[in-house]
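Remarks on the structure that follows.
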Amino acid sequence: MTPSLTNPLLSLTQLDRRAPARTQEPFPVTGALRDRFGRVMNDLRLSITDKCNFRCTYCLSPGATFLPTSDRLTTQELVRLGHLFARLGVQRLRLTGGEPTLHPELTTILSELSPLFDDVSMTTNGSLLTDKNARAWKAAGLHRITISIDSVDPVRFRTITRSKVDSAVVIDGVRAAIGAGLHPVKVNAVLLAGVNEADAPALAALARELEIEVRFIEFMPLDQDGGWSDRAVVQSKSTLQRISDVFTLVLEGRDRPDRTAVRYRFLDGAGGSVSTIAPVSEPFCGECSRIRVTTDGYVRPCLLARDEWPLLPLLRSNASDRDLELAIREAVWNKDQGGALTMGPIGGRTMSAIGG
Ligand code: SAM
Ligand code: SF4
């Protein structure tokens, strides 16, 4: 499957990539979307735009540039792919990016795709999470939402996101999401050593106050600035220690074996919970059920592996749904076993380009 050289809709960025590594083994052409290690994919992360209005230090460079519109999946292509993945047994959909709320047709995408999946969620930086938007997204079929807040402190929030948005605006957005009936509402926080690690208890206090789950994600080597090093990572065990200095935690565990987050509740019976996601200190590839599609139409079977499988040439050359299905099946079959992070920085695309 090589990109078409004659398709005028494809720019050079689509054409100058090396082909992904293929195994010689034939891949299954029917049944569940399965990889070589017996894992079944039922969780799709669909990146609907690479654009973002923030420049989080652990994600984008200050001078980040974005794809030309012609290289991004159109709404029609996003919807077609959603239908295909649903037909292949994928039950859970997460819209992400970049910043998905910047997509001008977000509600259309939601209303077209939400009937196809049991669980429809979105990850957002919360900058556009007003009462009105939260209600509109809920009405369009969004079930739940995850909002990124790395610090409740306004100065640190602006420093990390390199934006002019106030943390209070995003915290109000969390309240708007709760008020609109999106459930559960979760918060993601990335802690960076020497920057916001001391904010962990304040974020845990936010979890208690709003009765939501706050998830602490270890910094992964997917930042555009290339600033990742193991010294910059705040390991989950250290985050738990900081929170435990203030609140006593009780381990609840993972909701399901393929879930990345390990959850803790508060011993004093307060609402809310905190979770840790530890891809660096405790890689959790064994039960992975996730598959990603990038804004420019590549299947990315593993977040932490470089291999990507192009769908855009097929989407833009009258390929049948069966052709697309086989391309997806082949990509999934070739998914890496995992554990790439233990080998250090992986370079390549940023989290914003892949779809976090
Ligand atoms: N813009 C939206 C947001 O920030 O929530 C959605 C896309 S963002 C790429 C998805 C998630 O990835 C966010 O929670 C963000 O904190 C996380 N993320 C981005 N870069 C990361 C990195 N290098 N390591 C760990 N998490 C990262
Ligand atoms: Fe934008 Fe999300 Fe990346 Fe921050 S983490 S720069 S909000 S895509």
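For ligands, and for the atoms within them, numbers begin at 1 and follow the listed sequence. Computed from a prediction, not measured in an experiment: that's the story for all the values here.
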Pull out every atom of ligand 2 sitting under 4.0 Å from any heavy atom of [X], numbered as shown with elements.
| X | answer |
| --- | --- |
| Ser352 | 8 (S) |
| Cys59 | 3 (Fe), 5 (S), 6 (S) |
| Gly98 | 8 (S) |
| Asn125 | 7 (S) |
| Leu60 | 6 (S) |

Seminar exercise, completed: Going by the 4.0 angstrom heavy-atom rule, the piece of Thr123 near ligand 1 is both
For this session: For ligand 1, indicate whether the residue Thr124 contacts it via side chain, backbone, both or neither (heavy-atom separation under 4.0 Å).
Result: backbone
Ion pair check, [X] and [Y], cut-off under 4.0 Å:
| X | Y | result |
| --- | --- | --- |
| Asp118 | Arg92 | no |
| Asp245 | Arg242 | no |
| Arg300 | Asp307 | no |

Does the side chain of [X] come under 3.5 Å of the side chain of [Y] through a donor N or O and an acceptor N or O?
| X | Y | result |
| --- | --- | --- |
| Arg94 | Thr123 | yes |
| Ser151 | Asp199 | yes |
| Arg215 | Asn188 | yes |
| Asp225 | Ser61 | yes |
| Asn53 | Asn125 | yes |
| Thr294 | Ser47 | no |
| Glu99 | Thr101 | yes |
| Glu197 | Ser238 | no |

Problem set entry | ligand 1 N/O within reach of Ile217 N/O, cut-off under 3.5 Å | no
For [atom], grab the closest protein heavy atom and report residue, atom and distance to one decimal in Å.
| atom | answer |
| --- | --- |
| atom 26 (N) of ligand 1 | Val190 CG2, 3.6 Å |
| atom 6 (C) of ligand 1 | Gly98 O, 3.3 Å |
| atom 15 (C) of ligand 1 | Tyr58 CE1, 4.0 Å |
| atom 1 (Fe) of ligand 2 | Cys52 SG, 2.3 Å |
| atom 14 (O) of ligand 1 | Ser148 OG, 2.8 Å |
| atom 9 (C) of ligand 1 | Met351 CG, 3.4 Å |

Exercise. Are Leu326 and Leu44 co-members of a hydrophobic cluster defined by side-chain heavy atoms under 4.5 Å apart?
Worked result: no
Exercise. Can Met41 be reached from Trp333 by stepping across I, L, V, M, F, W or Y side chains whose heavy atoms are under 4.5 Å apart?
Worked result: no
[X] heavy atoms, cut-off 4.0 Å: which ligand 1 atoms fall inside?
| X | result |
| --- | --- |
| Cys59 | 20 (N) |
| Phe219 | 23 (N), 24 (N) |
| Glu99 | 1 (N), 2 (C) |
| Met220 | 22 (C), 23 (N), 24 (N), 25 (C) |
| Asn125 | 2 (C), 3 (C), 5 (O) |
| Thr96 | 6 (C), 7 (C) |
| Asn188 | 14 (O) |

For this session: Report yes if some heavy atom in the side chain of Leu222 is under 4.5 Å from a heavy atom in the side chain of Trp228; otherwise report no.
Result: no
Only heavy atoms count here, so choose which of [options] is nearest to [atom].
| atom | options | result |
| --- | --- | --- |
| atom 25 (C) of ligand 1 | Glu218, Arg94, Gln224, Met122 | Glu218 |
| atom 4 (Fe) of ligand 2 | Cys56, Pro100, Ser163 | Cys56 |
| atom 8 (S) of ligand 1 | Ser127, Gly227, Gly97 | Gly97 |

For this session: Answer yes or no for Gly126: is there a heavy-atom contact with ligand 1 below 4.0 Å?
Result: no
Exercise. Does the ring of Phe54 carry Arg162 above it, NZ/CZ under 6.0 angstrom from centre and within 45° of its axis?
Worked result: no
For this session: Answer with yes or no whether Ser148 contacts ligand 2, where contact means a heavy atom under 4.0 Å from a ligand atom.
Result: no
